[in-house]
Amino acid sequence: ACSAFSQTSCDECLKNVSCLWCSTNNTCIDYPVRSILPPSSLCPLSNAQWGVCWINFEALVIAMAVVVGLILVSITVCCCYCSYCRRRSRSRLDDEEEQLARKREERRLQSLQRKHERKLKHDEIRKKYGLLQDSDNPYSRFENE
């Protein structure tokens, strides 16, 4: 029983995990397992030690709440950051794809324009030397004058 360790030291009392040390009256009592936190009528939280003697129960609860809060905040921040990055990379890929398609279309139009200019130039040269055939009859015989 935990009451057997009363009026001893905190270390002796807390060797048993089911015991709670109250430093106001140096008593070792059974931890009230029916409630999560021991009631203040049993022992005030600022004077109760459980598990270790170097920190009181109130500070232990506050420290655990801060650690859990930090973990939850960091998980939330990571999730938001990852979804932002994913959304940003998708939009960046879409922008790059649009830009590549635009450049491809510009190159195709420039190529068609150069091809048309070459055809006009070749037709002028053929016309100059009399090699331009009639478009009505492309298989007519070439005549020397």
Side-chain angles (χ1 to χ4, degrees), residues 1-140:
C2 292
S3 59
F5 295 107
S6 291
Q7 303 303 328
T8 61
S9 68
C10 176
D11 292 325
E12 290 294 322
C13 174
L14 295 182
K15 284 182 181 175
N16 188 352
V17 181
S18 63
C19 294
L20 176 74
W21 178 259
C22 188
S23 61
T24 54
N25 50 8
N26 291 338
T27 56
C28 188
I29 51 178
D30 289 323
Y31 188 86
V33 291
R34 296 203 192 290
S35 62
I36 296 173
L37 298 175
S40 61
S41 61
L42 191 62
C43 186
L45 288 180
S46 60
N47 295 327
Q49 278 93 14
W50 177 74
V52 290
C53 291
W54 53 270
I55 188 168
N56 64 31
F57 203 83
E58 186 177 39
L60 183 67
V61 169
I62 291 171
M64 294 295 277
V66 167
V67 168
V68 168
L70 286 174
I71 289 171
L72 290 175
V73 166
S74 64
I75 288 172
T76 304
V77 167
C78 286
C79 289
C80 292
Y81 181 74
C82 288
S83 69
Y84 170 75
C85 287
R86 206 175 304 128
R87 209 175 321 121
R88 186 174 171 207
S89 68
R90 280 187 200 147
S91 66
R92 187 180 304 150
L93 288 175
D94 291 343
D95 291 345
E96 287 178 8
E97 192 173 310
E98 283 181 29
Q99 190 176 17
L100 287 174
R102 209 176 316 113
K103 284 183 179 179
R104 195 177 309 123
E105 184 64 22
E106 286 175 9
R107 284 190 211 117
R108 188 182 69 79
L109 290 175
Q110 288 173 352
S111 172
L112 286 174
Q113 185 179 3
R114 285 192 305 266
K115 185 177 181 181
H116 180 70
E117 289 171 359
R118 277 194 312 269
K119 184 180 182 308
L120 289 176
K121 188 175 180 183
H122 290 164
D123 285 348
E124 284 178 16
I125 293 171
R126 287 185 186 112
K127 192 177 198 181
K128 178 179 177 182
Y129 292 105
L131 300 174
L132 189 63
Q133 298 176 349
D134 290 337
S135 58
D136 297 338
N137 189 5
Y139 297 107
S140 64

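Numbers for residues simply follow the sequence, beginning at 1.
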Inset, instruction - Name all pairs fulfilling the salt bridge (charged side-chain N to carboxylate O under 4.0 Å, His left out) condition that reach into residues 12-26, sequence neighbours left out, sorted by first residue then second. - result: Glu12-Lys15
Identify, with sequence neighbours excluded, every residue that meets side chain to side chain donor-acceptor pair (under 3.5 Å) alongside [X].
X: Asn16; value: Ser18
X: Lys127; value: none
X: Arg102; value: none
X: Thr24; value: none

Inset, instruction - Give the C-alpha distance, both sets of side-chain angles, the deciding distance and a yes or no for side chain to side chain contact (heavy atoms under 4.5 Å, CB included) between Glu124 and Lys128. - result: CA-CA 6 Å; Glu124 284 178 16; Lys128 178 179 177 182; over 6 Å; no
Within a strict 4.5 Å, meaning less than it, do heavy atoms of the [X] and [Y] side chains meet?
X: Met64; Y: Val61; answer: no
X: His116; Y: Leu120; answer: yes
X: Lys121; Y: Glu117; answer: no

Inset, instruction - Measure the CG-CZ distance between Leu109 and Arg107 for me, rounded to the nearest 0.5 Å. - result: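 The CG atom of Leu109 sits 12.0 Å away from the CZ atom of Arg107.
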Inset, instruction - Work out which heavy atom in Leu45 is nearest to a heavy atom in Phe57; give both atom names and the distance. - result: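 Minimum heavy-atom contact is CD2-CD2, 3.4 Å.
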Inset, instruction - Search all heavy atoms of Leu42 against all heavy atoms of Ile29 and return the closest pair with its distance. - result: CG-CD1, 3.4 Å
Inset, instruction - State which residue, out of Leu70, Val77, Thr76, fulfils the side chain to side chain contact (heavy atoms under 4.5 Å, CB included) condition with Val73. - result: Val77
Inset, instruction - Give a yes or no on whether Glu97 atom CD has more than 12 heavy-atom contacts from other residues, nucleotides or ligands under 6.0 Å away. - result: no
Legend entry - Any side-chain donor near an acceptor of the partner, Thr27 and Asn25, under 3.5 Å: yes
Legend entry - Listed once per pair and sorted, the side chain to side chain donor-acceptor pair (under 3.5 Å) pairs that draw on residues 46-71, sequence neighbours left out: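 Found none.
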Inset, instruction - Indicate, with yes or no, whether the SG-to-SG separation of Cys10 and Cys53 is under 2.5 Å. - result: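 A disulfide, yes.
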Legend entry - SG-SG under 2.5 Å, Cys19 vs Cys28: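 No, the SG atoms are not under 2.5 Å apart.
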Inset, instruction - Please determine if Glu105 and Arg108 form a salt bridge, counting it only when a charged side-chain N lies under 4.0 Å from a carboxylate O. - result: yes
